[in-house]
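One structure below.
In what follows, residues are counted from 1 in the order of the sequence shown. Atom set for the values below is all heavy atoms of this structure, side chains included, hydrogens, waters and symmetry mates excluded.
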Amino acid sequence: MGARLVSAFLLLTLGGTSAAGAFPRAHRIRHSSNRQRRIYTNDIFTIEPGTVEIEFGMNAGSDLLSVPTTLKYEPDLASPLLRQLEFSISSDTLTVVDPRGQSVTQFADQHTVAVLRPFFQRDGVAFAVQPQSTFFTRGQESPRLGTAFLAGWSRGAHSLTGNVSWSAATHSSPVDPAHEFDYDLSYVYSVRRSRLSLLSDVQWTTQSALPAAGFVTAGVVIRVRRNLLLDAALRQQDIGTGQSHTHMLAGVTWNLGRVGHSGR
């Protein structure tokens, strides 16, 4: 089951890249504005060993509609050095930008491959590192290389997660900033005797030759089943740039179980 789903995902994201032409330069958007908030489903950071998980998201506003997709897999390895390695590939499966009333549709232009590795976990405290590479299938952007450092704390109904990430273009251009720094802090409160959790998130982004921007998010997460989560949120985008506006986020996180098994 897992192999078929992985193949279908790759065909959807990589095989569909010829469906539309490149965005003109003026239509390019901030890389960070297109991101979907990540949900940690089983652990502070990684999914269950040996399982495959997929996240479908939506980011919708007056200037943008994006449907990002992320596929994650963690091998079930016993080696202390290789345990809890979570591999993921993300794609902006569909993006519709509407600058100045001129709608432009694009399929699967931006893809990110990442490896998440916690290096400390004890008593509800965790630290992790996540090297990642982003590449584009059209336009003039060069591949981007970077890494993120994450920290998490969880106790009872409360959890707090923060990360600092950096990425750099292999060849910078007016549409591909030389450096980008992101600072993010998330808080989740699990409502007692309920499948509902409340979330809030604050992000600050700086990019070369572009003004810094803030993002503030508030929403809810509903655990439908142990392996299925739904989330919805409102996010105020581009705070501090003079172009602040509101976006709606929604997502589905579904753990498909162990690879090669019919159930969990």
Side-chain angles (χ1 to χ4, degrees), residues 28-41 44-45 55-70 72 86 88 90-92 95 97 110-112 114 116 126-134 141 144-154 158-169 176-189 197-221 229 231-251 253:
R28 291 291 177 178
I29 58 176
R30 287 179 178 269
H31 300 139
S32 57
S33 300
N34 196 22
R35 292 180 185 156
Q36 183 73 16
R37 181 189 57 78
R38 177 190 167 104
I39 298 176
Y40 303 112
T41 55
I44 291 180
F45 291 114
E55 295 182 4
F56 299 101
M58 183 190 71
N59 181 355
S62 59
D63 61 333
L64 169 72
L65 170 64
S66 176
V67 183
T69 306
T70 300
K72 298 178 288 184
E86 181 185 285
S88 65
S90 303
S91 175
D92 57 338
T95 304
V97 180
Q110 179 176 323
H111 312 278
T112 299
L116 181 64
F127 296 93
V129 63
Q130 187 178 39
Q132 53 193 358
S133 175
T134 300
E141 290 97 334
R144 302 185 65 83
L145 303 176
T147 190
F149 295 94
L150 305 97
W153 171 85
S154 180
H158 308 275
S159 63
L160 195 65
T161 304
N163 74 71
V164 177
S165 63
W166 163 83
S167 70
D176 199 8
H179 297 278
E180 177 180 327
F181 291 90
D182 292 305
Y183 311 90
D184 188 271
L185 184 65
S186 299
Y187 170 74
V188 176
Y189 172 74
S197 296
L198 307 179
L199 67 93
S200 60
D201 182 270
V202 178
Q203 179 184 352
W204 187 253
T205 297
T206 61
Q207 295 179 346
S208 302
L210 289 173
F215 304 81
V216 177
T217 305
V220 297
V221 179
L229 296 179
D231 67 280
L234 292 177
R235 178 163 70 183
Q236 193 68 19
Q237 299 215 160
D238 296 327
I239 299 170
T241 65
Q243 300 179 348
S244 177
H245 53 289
T246 303
H247 275 216
M248 183 179 71
L249 305 182
T253 302

Run the side chain to side chain contact (heavy atoms under 4.5 Å, CB included) test on Trp166 and Glu180 for me, step by step, so that the C-alpha distance in whole Å, both residues' side-chain angles and the decisive distance to 0.1 Å come before the verdict. CA-CA 6 Å; Trp166 163 83; Glu180 177 180 327; over 6 Å; no

For atom OH of Tyr183, decide whether the heavy atoms of other residues, nucleotides or ligands shown that lie under 6.0 angstrom number more than 12. yes

Return yes when atom CD of Gln243 has more than 12 non-hydrogen atoms of other residues, nucleotides or ligands closer than 6.0 Å, and no otherwise. no

Minimum side-chain heavy-atom gap Leu198-Val188 below 4.5 Å: no

Do Thr217 and Val202 come close enough that some side-chain heavy atom pair is under 4.5 Å? no

Side chains of Tyr187 and His158: does their closest heavy-atom pair fall under 4.5 Å? yes

Contact check, side chains of His245 and Asp238, non-hydrogen atoms, under 4.5 Å: yes

His111 and Ser91: side-chain donor and acceptor closer than 3.5 Å? yes

Answer yes if the side chains of Ser244 and Gln236 hold a donor-acceptor pair under 3.5 Å, and no otherwise. yes

State, without any angle test, whether Ser186 and Asp184 hold a side-chain donor-acceptor pair at a distance under 3.5 Å. yes

Heavy atoms, side chains only, cut-off 4.5 Å: are Val220 and Leu199 in contact? no

Which value, rounded to the nearest 0.5 Å, describes the distance between Phe181 atom CZ and Thr205 atom OG1? 11.5 Å

Minimal non-hydrogen separation, Ala212 against Thr241, with atom names: O-CG2, 3.3 Å

Student check: side-chain heavy atoms of Thr246 and Arg235 closer than 4.5 Å: no

Nearest 0.5 Å please: distance from the CZ atom of Phe215 over to the CG atom of Asp182. 8.0 Å

Any Leu65 side-chain heavy atom under 4.5 Å of Asn59 side chain: no

Rounded distance [0.5 Å steps], CG in Leu150 versus CG in Leu116: 6.5 Å

Got a second to check how far Thr253's OG1 is from Lys72's NZ, nearest 0.5 Å? 6.0 Å

Flag, side chain of Asp92 to backbone of Gln110, donor-acceptor distance under 3.5 Å: yes

Ser159 side chain to Ser154 side chain, donor-acceptor N/O pair below 3.5 angstrom: no

Pro177 backbone acceptor or donor facing Arg144 side chain under 3.5 Å: yes

Contact summary for Phe149 and Val129, nearest pair of heavy atoms: CE2-CG2, 3.7 Å

State, yes or no, whether a side-chain contact exists between His247 and Leu64 at a heavy-atom distance under 4.5 Å. yes

Please round to the nearest 0.5 Å and tell me the distance separating atom CG of Leu249 and atom CE of Met58. 8.0 Å

Taking every non-hydrogen atom, the tightest pair across Ser90 and Thr70: OG-OG1, 3.0 Å

Can Gln132 and Thr134 be counted as having a side-chain donor-acceptor contact under 3.5 angstrom? no

